[in-house]
Visitor: 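Have a look at this one before I ask anything.
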Number of protein chains: 2
Amino acid sequence: MAKAGMPDDRDVAAGRGPLDRPPSLVDKLAQRLQADIRAGRYPPGSRLPAEQTMCALYRVSRATVREAVGRLKHDGLVASRQGAGAFIAESGLPAVFRLDIADFSDAQEIRNIVELLIAVEAAASEHAARRRTAGDLEIIRARLEAMQTAIDRNEPGVDEDLTFHRSIIEATHNPFFCDLSDFLDQRVRRFIRTARANSARFLGLTQAVQGEHQAIFAAIASGDGPGARAAAERHLLNAAARLELYLER
Amino acid sequence: MAKAGMPDDRDVAAGRGPLDRPPSLVDKLAQRLQADIRAGRYPPGSRLPAEQTMCALYRVSRATVREAVGRLKHDGLVASRQGAGAFIAESGLPAVFRLDIADFSDAQEIRNIVELLIAVEAAASEHAARRRTAGDLEIIRARLEAMQTAIDRNEPGVDEDLTFHRSIIEATHNPFFCDLSDFLDQRVRRFIRTARANSARFLGLTQAVQGEHQAIFAAIASGDGPGARAAAERHLLNAAARLELYLER
DNA sequence: GAAAAAAAACTTGCCAGACAAGCGGACAAG
DNA sequence: CTTGTCCGCTTGTCTGGCAAGTTTTTTTTC
């Protein structure tokens with residue numbers, strides 16, 4: 001199944017994976033435009049030069065300009081109107097946060113992500129305890145029971161674990177918590193799953209883990225914000241400690 | 001100063017602002033490709049069809065395909081190698097987190113952002129207390145003193161406030177905390193500044209605020225993690241309360 | 001027959017030119 | 001002073017093409 005020419009594990013380990021290509025023209029132009037905007041050469045609200053003007057200015061074709069500007073547009077830094085031009089955002093700042101995970105195999109990078117994840121989920125648990133509706137609580141309880149069922153059947157239950165946590169985050173009714181937690185969680189789990197097949201040892205369900213979950217649920221049910229935070233933090237730190245065992249080989 | 005033809009407040013309030021344009025071909029194609037990838041029609045690690053193939057498949061020109069694919073590339077969802085093709089990321093997930101702030105003037109949106117900001121900065125303060133080097137502490141102390149100087153001179157000192165907080169975040173030595181905190185902080189401050197000129201009343205320096213800063217510094221200096229978190233949380237909640245006074249008109 | 005070298009076939013990166021759709025200001029008519 | 005028309009400019013999209021890089025096939029050579 002291994003394709004010829006594909007970089008194998010040895011290559012990646014030696015840092016010869018997807019080798020660093022010289023940045024493309026689009027890359028350089030987009031970066032330069034972004035720098036010019038940040039430096040104030042193109043003030044917020046003003047119009048960017050016309051595409052053809054930029055072609056002459058930067059000595060590239062219109063396609064290149066369009067792709068570079070399209071990138072900024074995608075980041076919410078500029079907005080274009082057909083016939084009128086492309087305008088710098090009023091804020092002068094990109095509307096989207098770019099969290100680039102440069103190296104997925106770097107242990108320190110994973111630690112940093114996990115640290116942020118813990119901060120977000122712990123705070124979310126506290127807010128969930130204070131704001132959860134009766135309906136939220138019912139959903140969380142159902143997820144908790146689904147997990148218990150998985151445990152009793154000796155199933156891995158990774159999905160049940162994920163949805164349980166998700167239901168808590170959603171009880172914050174703060175979409176930013178949901179989105180960020182989703183993003184981080186998916187990546188951490190993906191890392192663990194791809195790094196080692198039998199991830200159950202690290203993220204899998206045990207009765208001990210379930211006990212931590214029950215503690216979180218109890219605190220949320222009783223509206224105990226600090227308690228929910230503490231319980232969530234304890235649970236996540238334990239999970240991080242298991243992960244650490246693996247990271248250290 | 002009001003420009004003719006600009007939609008005034010009544011229009012915007014009635015939802016008659018800049019009307020929604022039909023999404024461009026590039027928008028639709030990029031979204032469709034992203035959906036196809038997420039649905040598994042293009043599995044992770046596999047190669048995307050050649051550009052000309054997609055031209056025929058989606059009935060668009062190559063420029064359009066290139067721009068759409070370039071967008072996915074920008075999000076880290078695909079990576080292309082000249083001569084070889086464009087490949088779906090191994091993770092099958094975008095490498096960047098998109099935090100879209102849909103409506104900058106929505107009070108609830110700002111509250112949600114502030115909530116996340118508090119969670120991040122409080123956790124960062126705790127980590128900073130545990131991990132700060134002697135050099136970090138020296139920088140933080142300098143920033144704190146710079147702020148005292150600003151207060152004594154009756155200056156607004158908004159920048160000094162910002163850099164003080166930044167120096168704490170940087171002491172976590174976790175770039176994700178730095179980047180995210182930066183992003184959120186800039187936007188919250190921008191919102192306040194543009195919403196009202198005399199923002200000093202809400203974010204400005206007073207001796208009371210400075211007292212809170214000193215408490216954070218003391219906890220970080222003594223390596224007291226929970227204390228630093230509590231002090232930071234108290235400080236930020238107070239700031240949020242001042243902000244709330246404004247949001248409620 | 002097998003390994004090495006050369007050629008061919010694709011594929012992306014970039015470019016030039018073109019046309020339609022939409023915007024903005026000028027300008028004349030009422 | 002308003003209204004309608006026109007014209008230049010700008011973006012959105014298309015077509016066609018060349019250079020550079022990669023993969024596959026063929027040919028050559030030992």
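Chain letters run A, B, ... following the sequence lines, proteins first, then strands; residues in each count from 1. In this text, all values refer to a predicted model and were calculated from it rather than measured experimentally.
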Visitor: By nearest atom, which of the nucleotides C:dC15, D:dT11, D:dC14 is closest to the A:Ser61 side chain?
Guide: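 Taking heavy atoms from C-beta onward, the closest nucleotide is C:dC15.
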Visitor: Once you round it to whole Å, what is the distance between C1' of D:dC14 and CD of B:Glu51?
Guide: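 Going from B:Glu51 (CD) to D:dC14 (C1'), I get 15 Å.
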Visitor: Tell me the interatomic distance from A:Met54, atom CE, to C:dC15, atom P, rounded to whole angstroms.
Guide: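 Interatomic distance, CE of A:Met54 to P of C:dC15: 14 Å.
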Visitor: How many whole angstroms separate atom CZ of B:Arg81 from atom P of C:dC10?
Guide: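 Computing the B:Arg81:CZ to C:dC10:P distance gives 19 Å.
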Visitor: Quick check: does any side chain N or O of A:Ser181 sit under 3.5 Å from a backbone N or O of A:Cys178, one acting as donor and the other as acceptor?
Guide: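 Answer holds: no.
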Visitor: How long is the straight-line distance from CG of B:Asp36 back to OH of B:Tyr42, given to the nearest 0.5 Å?
Guide: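 CG of B:Asp36 is found 5.5 Å from OH of B:Tyr42.
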Visitor: When you measure from the centre of the six-membered ring of A:Phe183, is the NZ or CZ of A:Arg187 closer than 6.0 Å and no more than 45° off the axis?
Guide: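 Geometry flag: set, cation within 6.0 Å and 45°.
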Visitor: Pair A:Asp185, A:Glu121 - check side-chain contact (heavy atoms from CB on, under 4.5 Å), show working.
Guide: CA-CA 10 Å; A:Asp185 216 25; A:Glu121 293 219 5; 4.0 Å; yes
Visitor: Please test B:Glu115 against B:Arg111 for salt bridge (Lys or Arg N to Asp or Glu O under 4.0 Å), starting from the C-alpha separation and ending with a verdict.
Guide: CA-CA 6 Å; B:Glu115 205 168 85; B:Arg111 284 196 194 94; over 6 Å; no
Visitor: In this structure, how many angstroms lie between the P atom of D:dC14 and the CG atom of B:Leu25, rounded?
Guide: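 B:Leu25 atom CG is separated from D:dC14 atom P by 5 Å.
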Visitor: Take atom CD in A:Gln31; do more than 12 heavy atoms of anything else shown fall under 6.0 Å from it?
Guide: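 No, CD of A:Gln31 has 12 or fewer neighbouring heavy atoms, counting only those of other groups under 6.0 Å.
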Visitor: Separation of B:Lys28 atom NZ from D:dG12 atom C1', in whole Å?
Guide: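 One finds 12 Å between C1' of D:dG12 and NZ of B:Lys28, rounded.
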Visitor: In whole Å, what is the span from the CG atom of B:Leu29 to the P atom of D:dT13?
Guide: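 After rounding, the reported distance stands at 10 Å.
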Visitor: Counting neighbours of CD on A:Gln52 that are heavy atoms of other residues, nucleotides or ligands and sit closer than 6.0 Å, is the number greater than 12?
Guide: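 No, the 6.0 Å shell around CD holds no more than 12 heavy atoms from other groups.
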Visitor: Whole-Å distance between D:dT13 C1' and B:Arg59 CZ?
Guide: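 B:Arg59 atom CZ is separated from D:dT13 atom C1' by 16 Å.
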Visitor: Provide a list of protein-nucleic acid N or O atom pairs under 3.5 angstrom, restricted to nucleotides 17-20 of chain C.
Guide:
from	atom 1	to	atom 2	distance (Å)
C:dA18	N6	A:Arg62	NH1	2.9

Visitor: Could you tell me how far apart B:Arg66 (CZ) and C:dC15 (C1') are, to the nearest whole angstrom?
Guide: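 Distance, rounded to whole Å: 11 Å.
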Visitor: Does A:Thr64 have a side-chain nitrogen or oxygen under 4.0 Å from the phosphate oxygens OP1 or OP2 of C:dG13?
Guide: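 The answer is no; no side-chain N or O of A:Thr64 sits under 4.0 Å from OP1 or OP2.
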Visitor: Under 4.0 Å from OP1 or OP2 of D:dT10: is there any side-chain N or O of A:Ser80 that close?
Guide: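 So the side chain of A:Ser80 is outside the cut-off, no N or O lying under 4.0 Å from OP1 or OP2 of D:dT10.
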Visitor: Between A:Ala84 and B:Thr53, which residue's closest nucleotide on DNA chain C lies nearer the 5′ terminus?
Guide: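 Of the two residues, B:Thr53 wins.
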